[in-house]
Amino acid sequence: MAQTETPGTEVAPRTRLRWWTELPLLLLVYGCYSAGRLLVRGDVDDAVDHGLALLRAEKLLHLNAEHPLNRLFTREPWIGIPADFWYASLHYLVTPAILIWLFHNRAEHYRRARAWLMTSTFIGLIGFTLVPTCPPRLLAANEGFVDTMAHYSSYGWWGGDASAPRGLGGMTNQYAAMPSLHVGWALWCGLMLWRHGGTRLTKVLAVLYPLGTALVVMGTANHYLLDALAGIAVMGVGHLLAPRVLRAADLVRARLFKGFGTGSSPIVSGGCQTSAGERIPRQRESRPGTGAEPDPSPTDAGDEAPAPAR
């Protein structure tokens, strides 16, 4: 007799990941993130106050990485121009590339990594909503920062308003500086390369990419040092919450499978599960005393078949 499952203990079967289901999911999450940044712009005065508060906090902590880096990037075009290209493009290219690489080559780790990235991104969106922050480049000139994106705008596709394509600066939230998801996503990419790359080159890139991104976001005057640290903290919280997010998703999927009856098999009374060839109880062999006897002369027997015993 086939083994039976206790009712209510069914779980959703592990389905193989498919790109045509993963891609819409990722696009939906990124669309929500982008729309959230756009809709929640915050008050400009509050954003400026928050930016100045971060500068004061850094002075109290004797942290001042932004000013020297920004002066270097402004003074040396061979550093500033590549840094602007780095800031404007790499997080759009490297992060999806790492996801695709994990999907194809490290499928057993992909789902957890995806949940980690998505959870951290939504936490960052909460930060943009609650603490709109003016980046250093948009502060008054007496604060000593130069907007390198505007300074070198003739070299790239971006305009003077933001890292968005020229003329589309008004379609971005320029006060979404706290936390820095540029740094957070770069850290995620670095950890994925370090854990799953397996070569010396990937380990070198795993260190250089997040470190370089942290320097770039400060040198281009797009983020404060505390923004970068907040981006790292957000990824840490996302890492802790990702297993719970996965368990919640599995529970929802299990309930959906249960509701649709997927994978169920015929069950007869008493909780006994029939085998594939015994879907109708009357097909089983009749017990003695029921009045049913085998046919003494089966029609499919040959002429030389032995006669049944009397």
Side-chain angles (χ1 to χ4, degrees), residues 37 44 47-95 128 131-187 189-190 204-232:
R37 284 191 52 172
V44 175
V48 172
D49 289 342
H50 292 154
L52 294 174
L54 289 179
L55 281 181
R56 289 193 296 269
E58 290 185 1
K59 289 179 180 178
L60 289 175
L61 296 172
H62 302 286
L63 301 174
N64 187 25
E66 301 94 330
H67 278 103
L69 284 172
N70 184 239
R71 287 193 292 267
L72 175 65
F73 283 29
T74 304
R75 186 176 63 249
E76 303 292 343
W78 65 276
I79 298 177
I81 294 174
D84 286 339
F85 276 97
W86 183 312
Y87 180 83
S89 60
L90 284 193
H91 68 296
Y92 292 120
L93 300 176
V94 176
T95 310
F128 302 153
V131 191
T133 303
C134 180
R137 64 186 179 85
L138 295 181
L139 293 175
N142 59 0
E143 297 297 336
F145 290 103
V146 175
D147 184 354
T148 65
M149 303 295 294
H151 188 67
Y152 297 120
S153 61
S154 60
Y155 291 89
W157 61 85
W158 56 84
D161 295 329
S163 60
R166 190 174 284 106
L168 299 179
M171 297 183 65
T172 63
N173 180 5
Q174 300 192 67
Y175 302 106
M178 168 63 78
S180 172
L181 286 185
H182 271 75
V183 173
W185 289 355
L187 176 63
C189 292
V204 171
L205 293 175
V207 175
L208 291 182
Y209 180 58
L211 179 60
T213 299
L215 296 176
V216 162
V217 300
M218 290 186 290
T220 58
N222 279 285
H223 289 282
Y224 308 92
L225 175 60
L226 290 179
D227 291 343
L229 296 178
I232 295 172

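Values reported hereafter were calculated over all heavy atoms of this structure, with side chains retained and with hydrogens, waters and symmetry mates removed. Source: prediction; values computed, not measured.
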Can you name the residues that form a side chain to side chain donor-acceptor pair (under 3.5 Å) with [X], not counting sequence neighbours?
X	value
E143	none
T220	N222
D84	T148

Return the set of residues passing side chain to side chain contact (heavy atoms under 4.5 Å, CB included) with [X] (not counting sequence neighbours), or none when no residue passes.
X	value
H151	T74, V146
A228	V183
P82	none
L90	W86, V94, Y209

Are any of the side-chain heavy atoms of [X] and [Y] separated by less than 4.5 Å?
X	Y	value
H91	W185	yes
L54	H50	no
E66	H223	no
L138	Y175	yes
C134	L139	yes

Which heavy-atom pair separates [X] from [Y] by the least distance, and what is that distance?
X	Y	answer
A83	V216	O-CG1, 3.3 Å
P136	Y224	CG-CE2, 3.4 Å
F73	Y152	O-OH, 2.9 Å
A221	P135	O-CB, 4.1 Å

T213 OG1 to M218 CE distance, which is reported to the nearest 0.5 Å: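 Here the rounded value is 10.5 Å.
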
Atom pair OG/CD1 of S154 and I81 - distance to nearest 0.5 Å: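 Result: 7.5 Å between the selected atoms.
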
Side-chain donor or acceptor of H182 paired with backbone N/O of Y87 under 3.5 Å: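 Yes, because the side chain of H182 sits within donor-acceptor range (under 3.5 Å) of the backbone of Y87.
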
Any donor-acceptor pair under 3.5 Å from D227 side chain to P179 backbone: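 It does not hold such a pair.
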
Pairs of donor and acceptor atoms involving the side chains of residues 57-64, under 3.5 Å and at least two apart or interchain, shall be tabulated with distances.
from	atom 1	to	atom 2	distance (Å)
E58	OE2	L225	N	3.2
E58	OE2	L226	N	3.1
N64	OD1	H67	ND1	3.0

